[in-house]
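Heads up: the structure comes next, in structure tokens.
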Amino acid sequence: MALTKSIHGEWSSRFAYILAATGSAVGLGNIWKFPYITGENGGGAFVIVYLACVVAIGIPIMIAESMMGRRGRQSPVNTLVTLSEEAGANKNWHFLGWMGVIAGILILSYYSVIAGWASAYVFKAIFGGFSSDATVIKATFDELMASPVQLVFWHTVFMVATMSVVMRGVKSGLERAVQLLMPTLFALLIILVGYAMTTGEAYFKGLSFLFSPDFSEIDGDAVLTAMGHAFFTLGLGMGAIMVYGSYLPSGISIAKTSLYIAGADTIVALLAGIAIFPLVFANGLEPGAGPGLIFQTLPIAFGNMTGGWLFGILFFVLLVFAALTSAISLIEPVVAWLVENKEFTRVKASIISGIATWTLGVSVALSFNVLSDFKMFDKTIFDLLDYLTANLMLPIGGFCIAIYAGWIMQKKHVREELDLPEQQFKLWEVLVCYIAPGAVFLVLLDVIGIL
Ligand code: TRP
């Protein structure tokens with residue numbers, strides 16, 4: 001009794017799906033998070049571990065997760081119920097859907113705060129322009145962090161924007177927005193890379209920081225961060241791509257689209273790194289400056305280059321939109337479940353899940369100032385949520401997805417859904433049954449201290 005169509009609607013074409021899923025993948029993870037965690041973890045070697053995780057773990061799990069979504073055609077919780085009936089497996093597998101729902105809310109609560117920083121920078125760009133002096137730019141950032149009112153205000157603006165797109169449903173809200181924004185963001189990144197090239201020697205220092213590996217910089221925690229980031233940046237492990245897959249019409253190749261999405265996501269992250277690190281070195285900044293890194297570097301470029309005022313505005317506007325198209329996928333599993341099981345309208349479902357997420361987000365905003373001394377496990381609320389979700393929940397979720405697709409589902413159903421030539425299917429099977437779950441398992445064991 002497999003459904004042939006989702007009750008929530010379908011993407012209008014293969015291209016629309018690729019855009020939406022790329023919209024989910026490309027976001028703050030690429031432009032804000034990738035550079036700063038690369039900086040904190042010593043550069044090149046970290047980048048190599050991250051790339052290896054994308055290829056050996058991320059892509060096979062992306063194929064698995066979207067395949068499960070298309071076969072189940074419902075919110076992740078109900079998809080797992082349906083698939084488990086079909087496979088004759090234990091119904092309790094729907095816990096995986098629940099873990100995803102919770103992870104989505106936790107991630108969005110801090111994601112929205114950071115997207116709020118980017119929104120605040122749109123206004124700084126419009127009204128002040130940016131100084132060309134790195135110290136002034138750092139002071140501007142510190143001032144924003146110190147202001148609970150501004151942080152909560154911008155977090156609220158971003159949450160309202162997100163929920164008003166989600167209310168309208170994935171298709172009309174999302175498809176059109178992404179079509180225009182993604183290519184423009186890409187063009188702007190190229191311009192920033194062009195600017196980075198004008199920094200002379202620093203440009204080469206930046207490149208060498210990013211691409212020449214020094215493996216002595218890497219320990220178990222760095223590997224966990226790189227692996228967690230592979231999940232985060234591709235939007236895997238919590239049902240986001242599963243729910244997007246559930247809106248995917250039959251007959252479209254899941255493997256091919258996954259490769260495009262992962263490829264585009266990786267290119268954007270690398271471009272961001274190439275644009276940012278030369279500025280770090282040219283201005284004597286710290287690569288390990290933390291979450292403020294892009295806000296303390298890119299404005300320098302905008303302050304210096306011709307047309308920088310306009311580019312600065314455009315860049316932060318696009319960053320906010322890239323964050324928006326990601327945020328939507330984080331909350332969609334919750335909204336779809338509320339519509340399916342509680343018979344809420346999309347509007348009501350969006351408002352309720354939005355308010356819950358917003359409330360948690362307020363505590364994240366405050367963790368940068370008034371609550372900065374409130375720590376658990378030596379981490380602020382922001383750090384804790386980031387670590388818990390990106391480094392633990394997403395890899396554990398991804399591990400379970402790999403096991404489910406590789407070992408629990410019936411092969412004939414998987415083959416039918418993926419529709420791959422035999423050799424390619426076999427390759428994917430090895431990756432999803434052994435390599436991906438094995439690698440995640442080993443890294444987690446290492447971090448717990450068992451290995
Ligand atoms: N991939 C997005 C980014 O890099 C964030 C994101 C969207 C995400 N959907 C997700 C992360 C699902 C984890 C799970 O900014």
Side-chain angles (χ1 to χ4, degrees), residues 19-38 50 53-54 57-59 61-62 65-66 69 75-76 96-97 99-118 158 162 165-166 170 174 178 181-182 185 189 225-245 258 261-273 291 294 318-336 357 385-401:
L19 282 174
T22 309
S24 158
V26 174
L28 297 172
N30 307 62
I31 294 169
W32 160 75
K33 193 172 182 191
F34 170 72
Y36 96 74
I37 58 177
T38 299
Y50 151 75
C53 290
V54 166
I57 304 175
I59 293 174
I61 292 183
M62 182 181 258
E65 191 176 332
S66 33
S75 70
L96 184 51
M99 190 169 76
V101 163
I102 295 166
I105 292 176
L106 297 181
I107 295 175
L108 185 54
S109 73
Y110 69 82
Y111 203 83
S112 167
V113 173
I114 313 294
W117 301 359
F158 185 80
T162 303
V165 179
V166 175
V170 256
L174 214 78
V178 192
L181 298 170
M182 283 291 142
L185 180 66
L189 275 175
T225 305
M227 182 180 80
H229 186 63
F231 282 100
F232 186 91
T233 190
L234 296 173
L236 299 179
M238 52 72 56
I241 202 77
M242 198 183 289
V243 98
Y244 276 22
S258 299
I261 297 158
D265 185 76
T266 307
I267 291 171
V268 171
L270 293 177
L271 284 177
I294 66 159
L318 288 167
L319 185 58
V320 173
F321 275 104
L324 191 65
T325 56
S326 298
I328 289 162
S329 78
L330 284 163
I331 200 80
E332 180 64 20
V334 189
V335 172
T357 311
L385 282 175
D386 176 39
Y387 192 89
L388 179 71
T389 54
N391 292 11
L392 300 177
M393 292 176 90
L394 297 180
I396 292 170
F399 173 86
C400 295
I401 287 168

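Start at 1 and go down the list; that is how both ligands and their atoms are numbered.
- Ligand 1 has a nitrogen or oxygen under 3.5 angstrom from a nitrogen or oxygen of G29.
- Of all protein heavy atoms, the one lying nearest to atom 15 (O) of ligand 1 is Y111 OH, 2.5 Å.
- Residues M99 and L96 form a side-chain contact, since some pair of their non-hydrogen atoms from C-beta on lies under 4.5 Å apart.
- With ring centers used as reference points, Y111 lies 6.0 Å or more from F158.
- The aromatic rings of H229 and Y50 sit tilted relative to each other, their planes meeting at an angle between 30° and 60°.
- With a heavy-atom cut-off of 4.0 Å, L394 touches ligand 1 through its side chain alone.
- If you number the atoms of ligand 1 from 1 as listed, the ones under 4.0 Å from a heavy atom of A240 come out as 12 (C).
- Under a 4.0 Å criterion applied to the non-hydrogen atoms of L28, ligand 1 contributes the atoms 15 (O).
- Between L185 and L318, the shortest heavy-atom contact is CD1-CB, 3.6 Å.
- When all heavy atoms are compared, the tightest approach of C53 to A230 is CB-CB, 3.7 Å.
- When hydrogens are left out, the protein atom nearest atom 11 (C) of ligand 1 is F232 O, 3.1 Å; that is the closest non-hydrogen contact.
- Taking a cut-off of under 4.0 Å to the non-hydrogen atoms of S329, the atoms of ligand 1 that pass are 7 (C), 9 (N).
- With hydrogens and angles left out, the side-chain atoms of Y110 and T389 include a donor and acceptor closer than 3.5 Å.
- For ligand 1, the atoms sitting less than 4.0 Å from at least one non-hydrogen atom of M238 are 12 (C), 14 (C), numbered in the order shown with element in parentheses.
- Going from atom OG1 of T22 over to atom CD1 of I261 covers 5.0 Å, rounded to the nearest 0.5 Å.
- Ranked by closest heavy atom to atom 3 (C) of ligand 1, the top entry among G235, A269, A25 is A25.
- Nearest protein heavy-atom contact of atom 6 (C) of ligand 1 is S24 O, 3.8 Å.
- On a distance-only criterion, L234 and ligand 1 share no N/O pair closer than 3.5 Å.
- Side chains of M393 and I102 form a contact here, defined as non-hydrogen atoms less than 4.5 Å apart.
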